[in-house]
Number of protein chains: 2
Amino acid sequence: MTPIATSSPRGRRTARSSGDDRESAILATAERLLGERTFADISIDDLARGAGISRPTFYFYFPSKNAVLLTLLDRVIEEANAAAGDVLDRLAENPRARWRELIHRFHETFGGHRAVVLACAQVRGTNGEVRRLWATVMEGWVQAIEAAIDAERSRGAAPDGLPARDLAIALNSMNERVWYATFAGDGPAVAEPDVVAVLLDVWLAAIYRNATPAPS
Amino acid sequence: MTPIATSSPRGRRTARSSGDDRESAILATAERLLGERTFADISIDDLARGAGISRPTFYFYFPSKNAVLLTLLDRVIEEANAAAGDVLDRLAENPRARWRELIHRFHETFGGHRAVVLACAQVRGTNGEVRRLWATVMEGWVQAIEAAIDAERSRGAAPDGLPARDLAIALNSMNERVWYATFAGDGPAVAEPDVVAVLLDVWLAAIYRNATPAPS
DNA sequence: GACACGCGTCAACACCCTGTCGAGAACAAT
DNA sequence: ATTGTTCTCGACAGGGTGTTGACGCGTGTC
(Lines give C-alpha, C1' and ligand atoms only; values in the text may rest on other atoms or scores of the structure.)
Protein backbone atom coordinates (compact mmCIF):
# COMPACT_ATOMS: atom_id res chain seq x y z
CA MET A 1 0.00 0.00 0.00
CA THR A 2 2.72 2.44 0.94
CA PRO A 3 4.83 3.17 -2.14
CA ILE A 4 8.47 2.17 -2.36
CA ALA A 5 11.37 4.57 -2.82
CA THR A 6 13.52 4.45 -5.95
CA SER A 7 17.10 4.50 -4.75
CA SER A 8 19.65 3.99 -7.49
CA PRO A 9 23.31 5.07 -7.32
CA ARG A 10 23.04 8.54 -8.79
CA GLY A 11 26.67 9.59 -8.39
CA ARG A 12 29.96 7.84 -9.13
CA ARG A 13 29.99 4.67 -11.27
CA THR A 14 31.81 2.48 -8.71
CA ALA A 15 31.84 2.73 -4.95
CA ARG A 16 35.13 3.28 -3.18
CA SER A 17 36.44 4.50 0.13
CA SER A 18 38.27 7.83 0.10
CA GLY A 19 36.04 9.24 -2.59
CA ASP A 20 32.99 8.79 -0.40
CA ASP A 21 34.16 11.66 1.76
CA ARG A 22 34.30 13.95 -1.23
CA GLU A 23 30.93 12.82 -2.43
CA SER A 24 29.40 13.52 0.97
CA ALA A 25 31.19 16.85 1.07
CA ILE A 26 29.65 17.85 -2.24
CA LEU A 27 26.19 16.83 -1.04
CA ALA A 28 26.63 18.65 2.24
CA THR A 29 27.91 21.75 0.50
CA ALA A 30 24.93 21.68 -1.84
CA GLU A 31 22.39 21.47 0.96
CA ARG A 32 24.19 24.21 2.90
CA LEU A 33 24.41 26.56 -0.09
CA LEU A 34 20.78 25.88 -0.95
CA GLY A 35 19.93 27.48 2.36
CA GLU A 36 21.58 30.69 1.20
CA ARG A 37 20.84 31.11 -2.51
CA THR A 38 18.84 29.62 -5.33
CA PHE A 39 19.97 26.51 -7.14
CA ALA A 40 20.53 28.54 -10.29
CA ASP A 41 22.85 30.88 -8.40
CA ILE A 42 25.06 28.04 -7.26
CA SER A 43 27.73 27.12 -9.79
CA ILE A 44 29.51 23.81 -10.05
CA ASP A 45 32.62 25.67 -9.03
CA ASP A 46 30.93 26.69 -5.78
CA LEU A 47 30.08 23.09 -5.07
CA ALA A 48 33.59 21.92 -5.92
CA ARG A 49 35.35 24.59 -3.85
CA GLY A 50 33.00 23.96 -0.97
CA ALA A 51 34.05 20.33 -1.04
CA GLY A 52 37.72 21.22 -1.37
CA ILE A 53 38.21 19.98 -4.91
CA SER A 54 38.56 21.52 -8.34
CA ARG A 55 35.76 21.88 -10.83
CA PRO A 56 36.82 19.09 -13.19
CA THR A 57 37.13 16.76 -10.22
CA PHE A 58 33.52 17.45 -9.41
CA TYR A 59 32.62 15.71 -12.64
CA PHE A 60 34.27 12.58 -11.40
CA TYR A 61 31.67 12.31 -8.68
CA PHE A 62 28.57 13.68 -10.35
CA PRO A 63 27.72 14.03 -14.02
CA SER A 64 26.09 17.41 -13.44
CA LYS A 65 24.76 19.84 -10.92
CA ASN A 66 21.32 18.36 -11.41
CA ALA A 67 22.52 14.93 -10.36
CA VAL A 68 23.51 16.37 -6.98
CA LEU A 69 20.05 17.75 -6.47
CA LEU A 70 18.54 14.48 -7.61
CA THR A 71 20.53 12.60 -4.98
CA LEU A 72 19.39 15.05 -2.33
CA LEU A 73 15.81 14.63 -3.48
CA ASP A 74 16.10 10.85 -3.34
CA ARG A 75 17.00 11.06 0.32
CA VAL A 76 14.10 13.33 1.20
CA ILE A 77 11.65 11.10 -0.65
CA GLU A 78 12.95 8.05 1.10
CA GLU A 79 12.57 9.80 4.42
CA ALA A 80 9.05 10.91 3.58
CA ASN A 81 7.99 7.41 2.61
CA ALA A 82 9.47 6.05 5.80
CA ALA A 83 7.70 8.71 7.85
CA ALA A 84 4.38 7.95 6.16
CA GLY A 85 4.73 4.32 7.14
CA ASP A 86 1.54 2.34 7.13
CA VAL A 87 -0.74 5.07 8.42
CA LEU A 88 -3.11 4.61 5.51
CA ASP A 89 -3.65 0.96 6.41
CA ARG A 90 -4.97 1.97 9.81
CA LEU A 91 -7.47 4.58 8.65
CA ALA A 92 -10.54 2.80 9.99
CA GLU A 93 -9.28 3.12 13.59
CA ASN A 94 -9.81 6.85 13.61
CA PRO A 95 -9.97 8.45 10.18
CA ARG A 96 -9.51 12.04 11.23
CA ALA A 97 -6.54 11.28 13.45
CA ARG A 98 -4.88 9.07 10.83
CA TRP A 99 -5.30 11.55 7.99
CA ARG A 100 -3.94 14.21 10.25
CA GLU A 101 -0.99 12.04 11.13
CA LEU A 102 -0.23 11.43 7.47
CA ILE A 103 -0.30 15.09 6.53
CA HIS A 104 1.61 16.04 9.63
CA ARG A 105 4.42 13.62 8.94
CA PHE A 106 4.86 14.79 5.40
CA HIS A 107 4.86 18.33 6.67
CA GLU A 108 7.60 17.52 9.16
CA THR A 109 9.75 15.78 6.58
CA PHE A 110 9.45 18.43 3.91
CA GLY A 111 9.83 21.19 6.45
CA GLY A 112 13.04 19.61 7.67
CA HIS A 113 14.51 19.77 4.19
CA ARG A 114 12.79 22.82 2.83
CA ALA A 115 15.87 24.02 1.00
CA VAL A 116 15.99 20.83 -1.04
CA VAL A 117 12.25 20.72 -1.60
CA LEU A 118 12.16 24.34 -2.69
CA ALA A 119 15.09 23.89 -5.03
CA CYS A 120 13.51 20.82 -6.63
CA ALA A 121 10.23 22.61 -7.17
CA GLN A 122 12.11 25.49 -8.71
CA VAL A 123 14.12 23.46 -11.19
CA ARG A 124 11.39 20.97 -11.99
CA GLY A 125 10.43 23.19 -14.89
CA THR A 126 13.84 23.19 -16.50
CA ASN A 127 15.17 19.84 -15.39
CA GLY A 128 13.71 16.75 -16.96
CA GLU A 129 15.26 14.31 -14.51
CA VAL A 130 13.88 16.02 -11.43
CA ARG A 131 10.53 16.31 -13.17
CA ARG A 132 10.45 12.62 -13.98
CA LEU A 133 11.50 11.52 -10.52
CA TRP A 134 8.95 13.78 -8.88
CA ALA A 135 6.26 12.57 -11.26
CA THR A 136 7.02 8.97 -10.38
CA VAL A 137 6.96 9.58 -6.66
CA MET A 138 3.79 11.63 -6.91
CA GLU A 139 2.16 8.84 -8.87
CA GLY A 140 2.93 6.47 -6.03
CA TRP A 141 1.39 8.78 -3.46
CA VAL A 142 -1.65 9.41 -5.62
CA GLN A 143 -2.24 5.69 -5.96
CA ALA A 144 -1.90 5.18 -2.23
CA ILE A 145 -4.43 7.93 -1.50
CA GLU A 146 -6.75 6.69 -4.21
CA ALA A 147 -6.74 3.21 -2.68
CA ALA A 148 -7.38 4.65 0.77
CA ILE A 149 -10.35 6.66 -0.46
CA ASP A 150 -11.78 3.64 -2.18
CA ALA A 151 -11.37 1.64 1.02
CA GLU A 152 -13.19 4.31 3.01
CA ARG A 153 -16.00 4.27 0.48
CA SER A 154 -16.21 0.50 0.55
CA ARG A 155 -16.68 0.41 4.27
CA GLY A 156 -19.34 3.09 4.03
CA ALA A 157 -17.39 5.80 5.84
CA ALA A 158 -17.09 8.04 2.82
CA PRO A 159 -19.76 8.79 0.20
CA ASP A 160 -19.26 8.17 -3.48
CA GLY A 161 -18.49 11.12 -5.70
CA LEU A 162 -15.57 12.11 -7.89
CA PRO A 163 -13.39 9.30 -9.21
CA ALA A 164 -11.05 8.56 -6.32
CA ARG A 165 -8.02 9.05 -8.53
CA ASP A 166 -9.03 12.56 -9.56
CA LEU A 167 -9.72 13.47 -5.98
CA ALA A 168 -6.37 12.06 -4.92
CA ILE A 169 -4.59 14.09 -7.60
CA ALA A 170 -6.35 17.29 -6.63
CA LEU A 171 -5.61 16.90 -2.92
CA ASN A 172 -2.00 15.94 -3.42
CA SER A 173 -1.54 18.84 -5.78
CA MET A 174 -3.01 21.21 -3.25
CA ASN A 175 -0.65 20.00 -0.56
CA GLU A 176 2.35 20.37 -2.78
CA ARG A 177 1.55 23.90 -3.81
CA VAL A 178 0.50 25.03 -0.34
CA TRP A 179 3.66 23.66 1.24
CA TYR A 180 5.74 25.31 -1.41
CA ALA A 181 4.19 28.69 -0.75
CA THR A 182 4.49 28.27 3.00
CA PHE A 183 8.15 27.29 2.88
CA ALA A 184 9.09 29.78 0.20
CA GLY A 185 7.26 32.56 1.96
CA ASP A 186 6.55 34.43 -1.26
CA GLY A 187 3.05 35.26 -2.29
CA PRO A 188 -0.08 34.37 -0.34
CA ALA A 189 0.70 31.50 1.99
CA VAL A 190 -0.81 29.72 4.95
CA ALA A 191 1.10 30.38 8.15
CA GLU A 192 3.34 27.43 8.96
CA PRO A 193 1.71 26.49 12.29
CA ASP A 194 -1.70 26.32 10.61
CA VAL A 195 -0.86 24.52 7.43
CA VAL A 196 -1.55 20.99 8.64
CA ALA A 197 -4.95 21.96 10.01
CA VAL A 198 -5.91 23.79 6.84
CA LEU A 199 -4.92 20.98 4.53
CA LEU A 200 -6.59 18.39 6.75
CA ASP A 201 -9.80 20.34 6.76
CA VAL A 202 -10.03 20.43 2.98
CA TRP A 203 -9.10 16.75 2.71
CA LEU A 204 -11.82 15.70 5.12
CA ALA A 205 -14.40 17.93 3.49
CA ALA A 206 -13.59 16.60 0.03
CA ILE A 207 -13.43 12.95 1.04
CA TYR A 208 -16.16 12.72 3.68
CA ARG A 209 -18.34 15.74 2.84
CA ASN A 210 -18.49 16.61 6.50
CA ALA A 211 -15.95 17.32 9.19
CA THR A 212 -16.43 14.23 11.35
CA PRO A 213 -15.84 10.94 9.54
CA ALA A 214 -17.10 7.83 11.29
CA PRO A 215 -14.63 5.43 12.90
CA SER A 216 -15.23 1.73 12.30
CA MET B 1 -14.45 42.97 -5.52
CA THR B 2 -12.87 41.79 -8.74
CA PRO B 3 -9.11 42.44 -8.69
CA ILE B 4 -7.52 44.91 -11.07
CA ALA B 5 -4.71 44.11 -13.48
CA THR B 6 -1.27 45.68 -13.12
CA SER B 7 -0.25 46.89 -16.56
CA SER B 8 2.97 48.93 -16.59
CA PRO B 9 5.14 49.48 -19.69
CA ARG B 10 7.52 46.57 -19.46
CA GLY B 11 9.40 47.10 -22.75
CA ARG B 12 11.05 50.11 -24.39
CA ARG B 13 11.51 53.35 -22.47
CA THR B 14 9.80 55.60 -25.02
CA ALA B 15 7.00 54.81 -27.44
CA ARG B 16 7.52 55.13 -31.18
CA SER B 17 6.04 53.82 -34.40
CA SER B 18 8.37 51.59 -36.41
CA GLY B 19 9.79 49.99 -33.33
CA ASP B 20 6.38 48.77 -32.21
CA ASP B 21 6.39 46.27 -35.04
CA ARG B 22 9.66 44.83 -33.83
CA GLU B 23 8.42 44.71 -30.27
CA SER B 24 5.33 42.83 -31.35
CA ALA B 25 7.45 40.56 -33.50
CA ILE B 26 9.59 39.67 -30.50
CA LEU B 27 6.52 38.95 -28.40
CA ALA B 28 4.94 36.86 -31.15
CA THR B 29 8.16 34.96 -31.72
CA ALA B 30 8.39 34.25 -28.01
CA GLU B 31 4.88 32.86 -27.74
CA ARG B 32 5.39 30.77 -30.88
CA LEU B 33 8.73 29.35 -29.76
CA LEU B 34 7.29 28.63 -26.31
CA GLY B 35 4.96 26.21 -28.02
CA GLU B 36 7.94 24.24 -29.29
CA ARG B 37 10.57 24.28 -26.55
CA THR B 38 11.13 25.35 -22.96
CA PHE B 39 11.85 28.93 -22.04
CA ALA B 40 15.35 27.96 -21.00
CA ASP B 41 16.00 26.44 -24.40
CA ILE B 42 15.12 29.67 -26.16
CA SER B 43 18.04 32.07 -26.42
CA ILE B 44 17.84 35.79 -26.89
CA ASP B 45 19.39 35.20 -30.28
CA ASP B 46 16.45 32.97 -31.22
CA LEU B 47 14.04 35.71 -30.24
CA ALA B 48 16.01 38.34 -32.13
CA ARG B 49 16.38 36.28 -35.31
CA GLY B 50 12.72 35.35 -35.17
CA ALA B 51 11.88 39.04 -35.13
CA GLY B 52 14.37 39.79 -37.90
CA ILE B 53 16.85 41.75 -35.81
CA SER B 54 20.26 41.15 -34.27
CA ARG B 55 20.86 40.18 -30.70
CA PRO B 56 22.11 43.56 -29.48
CA THR B 57 19.09 45.19 -31.04
CA PHE B 58 16.90 42.95 -28.95
CA TYR B 59 18.23 44.76 -25.92
CA PHE B 60 16.91 47.99 -27.30
CA TYR B 61 13.38 46.66 -26.92
CA PHE B 62 13.62 44.50 -23.83
CA PRO B 63 16.13 44.54 -20.99
CA SER B 64 16.19 40.74 -20.81
CA LYS B 65 14.53 37.54 -21.89
CA ASN B 66 12.58 37.56 -18.66
CA ALA B 67 11.02 40.91 -19.48
CA VAL B 68 9.51 39.39 -22.61
CA LEU B 69 7.91 36.64 -20.60
CA LEU B 70 6.71 39.16 -18.06
CA THR B 71 4.95 41.13 -20.79
CA LEU B 72 3.35 37.97 -22.08
CA LEU B 73 2.23 37.10 -18.57
CA ASP B 74 0.76 40.56 -18.08
CA ARG B 75 -1.49 40.02 -21.07
CA VAL B 76 -2.72 36.64 -19.89
CA ILE B 77 -3.46 37.97 -16.43
CA GLU B 78 -5.37 40.88 -17.85
CA GLU B 79 -7.39 38.49 -19.98
CA ALA B 80 -8.08 36.24 -17.01
CA ASN B 81 -9.28 39.11 -14.89
CA ALA B 82 -11.51 40.29 -17.70
CA ALA B 83 -12.90 36.78 -18.16
CA ALA B 84 -13.60 36.45 -14.45
CA GLY B 85 -15.61 39.66 -14.58
CA ASP B 86 -18.07 40.14 -11.75
CA VAL B 87 -19.08 36.51 -11.39
CA LEU B 88 -18.26 36.55 -7.69
CA ASP B 89 -20.67 39.41 -7.10
CA ARG B 90 -23.54 37.27 -8.40
CA LEU B 91 -22.87 34.18 -6.32
CA ALA B 92 -26.19 34.27 -4.46
CA GLU B 93 -28.13 33.76 -7.69
CA ASN B 94 -26.94 30.22 -8.03
CA PRO B 95 -23.76 29.42 -6.13
CA ARG B 96 -22.89 26.20 -7.86
CA ALA B 97 -23.36 27.61 -11.34
CA ARG B 98 -21.45 30.78 -10.55
CA TRP B 99 -18.48 28.98 -8.97
CA ARG B 100 -18.44 26.68 -11.94
CA GLU B 101 -18.47 29.64 -14.30
CA LEU B 102 -15.55 31.23 -12.48
CA ILE B 103 -13.40 28.13 -12.59
CA HIS B 104 -14.41 27.41 -16.15
CA ARG B 105 -13.43 30.86 -17.37
CA PHE B 106 -10.03 30.70 -15.75
CA HIS B 107 -9.59 27.29 -17.26
CA GLU B 108 -10.38 28.60 -20.71
CA THR B 109 -8.06 31.56 -20.40
CA PHE B 110 -5.11 29.61 -19.06
CA GLY B 111 -5.74 26.79 -21.49
CA GLY B 112 -5.69 29.25 -24.36
CA HIS B 113 -2.22 30.42 -23.37
CA ARG B 114 -0.83 27.28 -21.87
CA ALA B 115 2.61 27.85 -23.35
CA VAL B 116 2.93 31.15 -21.50
CA VAL B 117 1.43 29.83 -18.29
CA LEU B 118 3.67 26.79 -18.30
CA ALA B 119 6.75 28.85 -19.01
CA CYS B 120 5.96 31.25 -16.18
CA ALA B 121 5.44 28.43 -13.73
CA GLN B 122 8.72 26.96 -14.81
CA VAL B 123 10.79 30.10 -14.40
CA ARG B 124 9.03 31.34 -11.31
CA GLY B 125 11.64 29.54 -9.28
CA THR B 126 14.59 31.25 -10.88
CA ASN B 127 13.08 34.58 -11.83
CA GLY B 128 12.27 37.03 -9.09
CA GLU B 129 10.22 39.35 -11.27
CA VAL B 130 7.87 36.66 -12.49
CA ARG B 131 7.60 35.38 -8.95
CA ARG B 132 6.68 38.79 -7.62
CA LEU B 133 4.16 39.51 -10.33
CA TRP B 134 2.52 36.14 -9.86
CA ALA B 135 2.46 36.60 -6.10
CA THR B 136 0.73 39.95 -6.47
CA VAL B 137 -1.89 38.62 -8.84
CA MET B 138 -2.47 35.57 -6.72
CA GLU B 139 -2.94 37.80 -3.70
CA GLY B 140 -5.67 39.65 -5.57
CA TRP B 141 -7.48 36.46 -6.43
CA VAL B 142 -7.13 35.10 -2.92
CA GLN B 143 -8.67 38.27 -1.51
CA ALA B 144 -11.54 38.11 -3.95
CA ILE B 145 -12.27 34.49 -3.06
CA GLU B 146 -11.88 35.21 0.63
CA ALA B 147 -14.44 38.00 0.40
CA ALA B 148 -16.81 35.76 -1.55
CA ILE B 149 -16.57 33.02 1.06
CA ASP B 150 -17.23 35.50 3.83
CA ALA B 151 -20.24 36.79 1.95
CA GLU B 152 -21.62 33.28 1.55
CA ARG B 153 -21.14 32.69 5.25
CA SER B 154 -22.82 35.96 6.14
CA ARG B 155 -25.93 35.08 4.22
CA GLY B 156 -26.00 31.67 5.86
CA ALA B 157 -25.30 29.69 2.71
CA ALA B 158 -21.94 28.42 3.88
CA PRO B 159 -21.02 27.21 7.37
CA ASP B 160 -18.22 28.70 9.41
CA GLY B 161 -14.95 26.84 9.60
CA LEU B 162 -11.41 27.57 8.51
CA PRO B 163 -10.42 31.23 8.24
CA ALA B 164 -11.73 32.24 4.82
CA ARG B 165 -8.30 33.46 3.78
CA ASP B 166 -6.62 30.14 4.48
CA LEU B 167 -9.33 28.32 2.61
CA ALA B 168 -8.98 30.71 -0.31
CA ILE B 169 -5.24 30.15 -0.41
CA ALA B 170 -5.58 26.39 -0.32
CA LEU B 171 -8.18 26.29 -3.09
CA ASN B 172 -6.34 28.71 -5.33
CA SER B 173 -3.15 26.76 -4.81
CA MET B 174 -4.87 23.55 -5.75
CA ASN B 175 -6.20 25.03 -8.95
CA GLU B 176 -2.84 26.39 -9.94
CA ARG B 177 -1.04 23.09 -9.43
CA VAL B 178 -3.77 20.96 -10.98
CA TRP B 179 -3.91 23.14 -14.07
CA TYR B 180 -0.18 23.05 -14.38
CA ALA B 181 -0.11 19.26 -14.29
CA THR B 182 -2.98 19.00 -16.72
CA PHE B 183 -1.43 21.38 -19.24
CA ALA B 184 2.10 20.10 -18.82
CA GLY B 185 0.95 16.50 -19.05
CA ASP B 186 3.80 15.23 -16.90
CA GLY B 187 3.13 13.26 -13.78
CA PRO B 188 -0.30 12.38 -12.44
CA ALA B 189 -2.84 14.78 -13.89
CA VAL B 190 -6.57 15.18 -14.19
CA ALA B 191 -7.78 14.70 -17.78
CA GLU B 192 -8.45 18.07 -19.37
CA PRO B 193 -12.19 17.57 -19.99
CA ASP B 194 -12.70 16.69 -16.31
CA VAL B 195 -10.58 19.28 -14.63
CA VAL B 196 -13.26 21.93 -14.12
CA ALA B 197 -15.65 19.39 -12.59
CA VAL B 198 -12.99 18.03 -10.27
CA LEU B 199 -11.86 21.42 -9.03
CA LEU B 200 -15.43 22.61 -8.62
CA ASP B 201 -16.30 19.57 -6.56
CA VAL B 202 -13.51 20.16 -4.09
CA TRP B 203 -14.31 23.87 -3.88
CA LEU B 204 -17.94 23.23 -3.08
CA ALA B 205 -17.11 20.52 -0.57
CA ALA B 206 -14.61 22.75 1.21
CA ILE B 207 -16.76 25.87 1.20
CA TYR B 208 -20.26 24.45 1.70
CA ARG B 209 -19.50 21.04 3.23
CA ASN B 210 -22.03 19.45 0.90
CA ALA B 211 -22.51 19.28 -2.85
CA THR B 212 -25.62 21.43 -3.18
CA PRO B 213 -25.26 24.96 -1.80
CA ALA B 214 -28.48 26.85 -1.27
CA PRO B 215 -29.40 29.66 -3.65
CA SER B 216 -30.72 32.82 -2.06
C1' DG C 1 20.06 73.12 -47.32
C1' DA C 2 22.60 72.28 -43.36
C1' DC C 3 22.39 70.89 -38.72
C1' DA C 4 21.34 68.83 -34.71
C1' DC C 5 19.30 65.05 -32.14
C1' DG C 6 17.13 61.02 -30.73
C1' DC C 7 15.75 56.48 -32.70
C1' DG C 8 17.28 52.16 -34.44
C1' DT C 9 21.02 48.99 -35.63
C1' DC C 10 24.85 45.95 -35.11
C1' DA C 11 30.07 44.20 -34.88
C1' DA C 12 33.00 43.33 -31.47
C1' DC C 13 34.17 42.70 -26.82
C1' DA C 14 34.37 41.01 -21.89
C1' DC C 15 32.65 37.75 -18.93
C1' DC C 16 30.80 33.65 -16.83
C1' DC C 17 29.51 29.01 -16.84
C1' DT C 18 29.39 24.27 -18.56
C1' DG C 19 31.42 20.13 -20.05
C1' DT C 20 35.55 17.47 -21.94
C1' DC C 21 40.29 15.80 -22.74
C1' DG C 22 44.56 14.23 -21.66
C1' DA C 23 48.31 14.08 -18.62
C1' DG C 24 49.41 12.72 -14.68
C1' DA C 25 49.48 11.56 -8.88
C1' DA C 26 48.15 8.37 -5.38
C1' DC C 27 47.29 3.96 -3.88
C1' DA C 28 46.08 -0.73 -4.09
C1' DA C 29 47.10 -5.66 -5.28
C1' DT C 30 50.05 -8.97 -7.35
C1' DA D 1 58.58 -3.05 -9.24
C1' DT D 2 54.76 -3.28 -12.21
C1' DT D 3 50.24 -2.93 -13.36
C1' DG D 4 45.65 -1.17 -12.99
C1' DT D 5 42.22 1.52 -11.00
C1' DT D 6 40.91 5.52 -8.44
C1' DC D 7 41.30 10.18 -8.27
C1' DT D 8 42.94 14.98 -9.60
C1' DC D 9 43.38 19.14 -12.24
C1' DG D 10 45.29 22.58 -16.05
C1' DA D 11 43.82 23.91 -20.25
C1' DC D 12 40.59 24.14 -23.83
C1' DA D 13 36.24 24.60 -26.65
C1' DG D 14 31.71 26.16 -26.94
C1' DG D 15 27.72 28.82 -26.00
C1' DG D 16 25.11 32.11 -23.57
C1' DT D 17 24.53 36.96 -21.56
C1' DG D 18 24.98 41.81 -21.31
C1' DT D 19 27.65 46.19 -22.77
C1' DT D 20 30.07 49.52 -25.58
C1' DG D 21 30.97 52.48 -29.22
C1' DA D 22 30.19 53.83 -33.71
C1' DC D 23 27.39 54.39 -37.56
C1' DG D 24 22.90 55.30 -40.64
C1' DC D 25 18.44 57.37 -40.86
C1' DG D 26 14.49 60.18 -40.24
C1' DT D 27 12.44 64.45 -38.52
C1' DG D 28 12.08 68.99 -37.15
C1' DT D 29 14.37 73.58 -37.10
C1' DC D 30 16.27 77.86 -38.60
Side-chain angles (χ1 to χ4, degrees), chain A residues 9-30 33-34 36-72 119 122-123 125-130, chain B residues 9-30 33-34 36-72 119 122-123 125-130:
Chain A
R10 191 87 54 190
R12 215 158 62 267
R13 359 311 183 203
T14 69
R16 214 74 197 114
S17 59
S18 94
D20 282 354
D21 302 340
R22 302 295 164 81
E23 190 169 331
S24 307
I26 292 173
L27 256 7
T29 304
L33 258 29
L34 241 20
E36 304 170 4
R37 0 178 189 152
T38 26
F39 186 67
D41 287 338
I42 298 171
S43 72
I44 290 181
D45 203 49
D46 294 331
L47 260 22
R49 293 197 175 284
I53 57 179
S54 74
R55 203 170 58 79
T57 300
F58 167 92
Y59 285 98
F60 181 81
Y61 292 99
F62 292 95
S64 69
K65 206 172 60 164
N66 289 333
V68 176
L69 189 56
L70 225 35
T71 304
L72 252 19
Q122 285 168 356
V123 305
T126 58
N127 179 339
E129 290 177 298
V130 168
Chain B
R10 193 84 58 188
R12 211 160 63 265
R13 2 307 186 208
T14 70
R16 212 77 190 108
S17 59
S18 93
D20 281 354
D21 302 341
R22 302 296 165 81
E23 189 168 332
S24 306
I26 292 173
L27 256 7
T29 303
L33 257 30
L34 241 21
E36 304 170 3
R37 4 180 183 147
T38 27
F39 185 68
D41 287 339
I42 298 171
S43 72
I44 290 181
D45 202 49
D46 294 331
L47 260 23
R49 294 198 172 285
I53 56 179
S54 76
R55 201 171 58 80
T57 301
F58 167 92
Y59 286 98
F60 181 81
Y61 293 99
F62 291 95
S64 70
K65 206 171 59 164
N66 290 334
V68 176
L69 189 56
L70 224 37
T71 304
L72 252 19
Q122 286 169 356
V123 305
T126 58
N127 179 338
E129 290 176 298
V130 168

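Values in this document were obtained by computation on a predicted structure and should not be read as measured data.
Judged by distance alone, with hydrogens and angles left aside, the side-chain atoms of Lys65(A) form no donor-acceptor pair with the main-chain N or O of Leu47(A) at under 3.5 Å.
No hydrogens or angles considered: a donor-acceptor pair under 3.5 Å links the side chains of Asp46(A) and Ser43(A).
Listed candidates were dG19(C), dT6(D), dG8(C). Nearest to the side chain of Phe60(A) is dT6(D).
Ser43(A) comes within 4.0 angstrom of sugar-phosphate atoms only, judged by non-hydrogen atoms across all strands, and of no base.
Here dG8(C) presents its C1' atom at 15 Å from CZ of Phe58(B), a figure rounded to the nearest Å. Distance, Ile44(A) CD1 to dG19(C) C1': 8 Å, rounded to whole Å. Here the C1' atom of nucleotide dC9(D) and the CZ atom of Arg22(A) are 12 Å apart, to the nearest Å. Taking atom CD1 on Ile53(A) and atom P on dA26(C), their separation rounds to 17 Å, with Å as the unit. When the P atom of dC17(C) is taken as reference, atom CG of Asp41(A) falls 10 Å away, rounded to whole Å. The interatomic distance linking Arg55(B) (CZ) with dG15(D) (P) rounds to 14 Å, in whole Å. When the P atom of dC17(C) is taken as reference, atom CG of Leu47(A) falls 13 Å away, rounded to whole Å. Per the geometry, OH belonging to Tyr59(B) stands 18 Å off P belonging to dC13(C), to the nearest Å.
Between Gly52(B) and Pro56(A), the one whose closest nucleotide on DNA chain C sits nearer the 5' end is Gly52(B).
Distances shown here put every side-chain N or O of Thr57(B) at or beyond 4.0 Å from the OP1 or OP2 atom of dG8(C). The phosphate of dT8(D) has OP1 or OP2 within less than 4.0 Å of a side-chain N or O from Tyr61(A).
Here Ser64(B) contributes atom OG and Ile44(B) contributes atom CD1; the two are 7.0 Å apart, rounded to the nearest 0.5 Å.
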Subject >> Thr38(B) and Asp41(B): CA distance, side-chain angles, deciding distance, side chain to side chain donor-acceptor pair (under 3.5 Å) verdict >> reply: CA-CA 5 Å; Thr38(B) 27; Asp41(B) 287 339; 2.8 Å; yes

